[in-house]
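We name chains A, B, ... by the order of the sequence lines, and we start the count at 1 in each one.
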2 protein chains.
Amino acid sequence: MISLSSLSRTPIYQQIIEQILAQIACGALVPDQQLPGVRNLANDLGINPNTVVKAYTELEMNGYIYSLQGKGSFVKKRDGDNNLVSIKLEEVEKDLNILYQLGIQKSRIEEILNRVFSGGHHE
Amino acid sequence: MISLSSLSRTPIYQQIIEQILAQIACGALVPDQQLPGVRNLANDLGINPNTVVKAYTELEMNGYIYSLQGKGSFVKKRDGDNNLVSIKLEEVEKDLNILYQLGIQKSRIEEILNRVFSGGHHE
DNA sequence: TTAAATGTACTACTATAATAGTACAGTAGT
DNA sequence: ACTACTGTACTATTATAGTAGTACATTTAA
């Protein structure tokens with residue numbers, strides 16, 4: 001369900017976050033569906049439970065899941081923008097500003113934008 | 001010429017890089033112009049020379065400046081894409097993919113793009 | 001009440017990033 | 001040759017991020 005790449009230098013907890021986000025986005029995980037327990041997932045991945053906790057905590061702070069002590073962690077219903085969207089938008093804007101300062105052509109960005117947003121499996 | 005914000009949690013050497021890049025981009029620094037020496041700049045900013053070295057080294061690796069031992073560091077003529085541009089383009093593409101996965105509307109990005117690239121003081 | 005699941009909290013270890021200290025080496029002018 | 005400037009190289013210190021260890025608290029079902 002979730003697989004780690006030890007070759008990658010992106011942190012374990014980040015890899016978990018990204019994969020869960022992807023599964024929520026593509027519908028593999030639906031609202032109120034229970035996520036694997038922190039110990040189960042940690043055992044499956046051969047890591048420390050607290051690393052999973054870190055991933056879950058961040059997902060919760062960003063409004064993607066909710067956790068109930070003693071019960072488990074579950075997928076949350078989306079309600080408009082959440083923190084992650086805001087953060088990523090800010091990141092993109094910051095990078096675009098730098099690229100603009102570096103004198104890159106606007107069309108270069110538009111090409112990327114069109115390519116990414118024609119992936120097809122949305123709307 | 002360069003000012004640091006100790007409030008900001010972006011590293012000192014990064015702040016130096018960004019400000020020099022900005023000055024190159026806006027024409028305040030022109031090709032073959034000499035940059036302040038590592039010790040001078042370090043003294044002005046009240047930091048360690050090696051922190052300036054780190055900034056200069058990274059700028060050199062990315063093709064923005066060149067350094068000659070005993071002579072100084074100088075602004076380099078641009079020749080198409082360099083590492084920084086490539087890196088930032090990759091970062092943007094990665095973030096855009098995430099935003100796409102999060103279900104954001106393409107128009108939201110286009111708004112940002114238009115705003116950033118209408119800053120005016122370029123072309 | 002007991003047991004087994006769950007999430008939580010706190011501490012500790014480790015690796016890496018950021019900065020600083022000090023010594024070295026090349027260049028230019030005197 | 002000497003001096004004063006330049007960048008360079010290497011080591012040391014410090015802060016922070018990432019991960020792990022261990023104990024705690026809640027829920028649910030037997």
Q: Using the side chain to side chain donor-acceptor pair (under 3.5 Å) rule, collect all pairs that involve residues 8-33 of chain A, keeping only residues at least two apart or in two chains.
A: A/Ser8-A/Thr10, A/Asp32-A/Tyr66
If the cut-off is 4.0 Å, is [X] near the phosphate of [N], judged by side-chain N/O to OP1 or OP2?
{"X": "B/Thr51", "N": "C/dA20", "value": "yes"}
{"X": "A/Asn40", "N": "C/dA5", "value": "no"}
{"X": "A/Lys54", "N": "D/dT19", "value": "no"}

Measure [atom1]/[X] against [atom2]/[N] and give the value in whole Å, please.
{"X": "A/Leu35", "N": "C/dA5", "atom1": "CG", "atom2": "P", "result": "18 Å"}
{"X": "A/Gln15", "N": "D/dT19", "atom1": "CD", "atom2": "P", "result": "8 Å"}
{"X": "A/Asn43", "N": "C/dT6", "atom1": "CG", "atom2": "C1'", "result": "14 Å"}
{"X": "B/Asn48", "N": "C/dA18", "atom1": "CG", "atom2": "P", "result": "15 Å"}
{"X": "A/Ile12", "N": "C/dA15", "atom1": "CD1", "atom2": "P", "result": "14 Å"}
{"X": "A/Tyr13", "N": "D/dG18", "atom1": "OH", "atom2": "C1'", "result": "8 Å"}
{"X": "B/Leu41", "N": "C/dA20", "atom1": "CG", "atom2": "P", "result": "12 Å"}
{"X": "A/Gln14", "N": "D/dG18", "atom1": "CD", "atom2": "P", "result": "8 Å"}

Q) Just checking A/Ser73: base, sugar-phosphate only, or nothing, at a heavy-atom cut-off of under 4.0 Å? A) sugar-phosphate
Q: Between protein and nucleotides 23-30 of chain C, map the contacts as a letter string: B base, S sugar-phosphate only, - none, heavy atoms under 4.0 Å, written 5' to 3'.
A: --BBSS--
Using modelled atom types and a 3.5 Å cut-off, is there a donor and acceptor pairing between side-chain atoms of [X] and backbone atoms of [Y]?
{"X": "A/Glu60", "Y": "A/Ser73", "value": "no"}
{"X": "B/Thr51", "Y": "B/Ile47", "value": "no"}
{"X": "A/Asn40", "Y": "A/Pro36", "value": "no"}

Q) Tell me, do A/Val75 and A/Gln34 make a side-chain contact under 4.5 Å, heavy atoms counted? A) no
**Q.** Pair B/Leu35-B/Tyr56, side-chain contact (heavy atoms from CB on, under 4.5 Å): steps then yes or no
**A.** CA-CA 9 Å; B/Leu35 295 167; B/Tyr56 280 16; 3.6 Å; yes
Q. A/Tyr64 and A/Met1: same hydrophobic cluster, using ILVMFWY side-chain contacts below 4.5 Å?
A. yes
**Q.** B/Ser67, nearest nucleotide to its side chain (from D/dT8, D/dT19, C/dT8)
**A.** D/dT8
Q: Go through D/dT19, C/dT19, C/dG7 for me and flag the one nearest to the B/Pro11 side chain.
A: C/dT19
**Q.** 5' precedence on DNA chain D between A/Gly46 and B/Pro36 (nearest-nucleotide basis)
**A.** B/Pro36
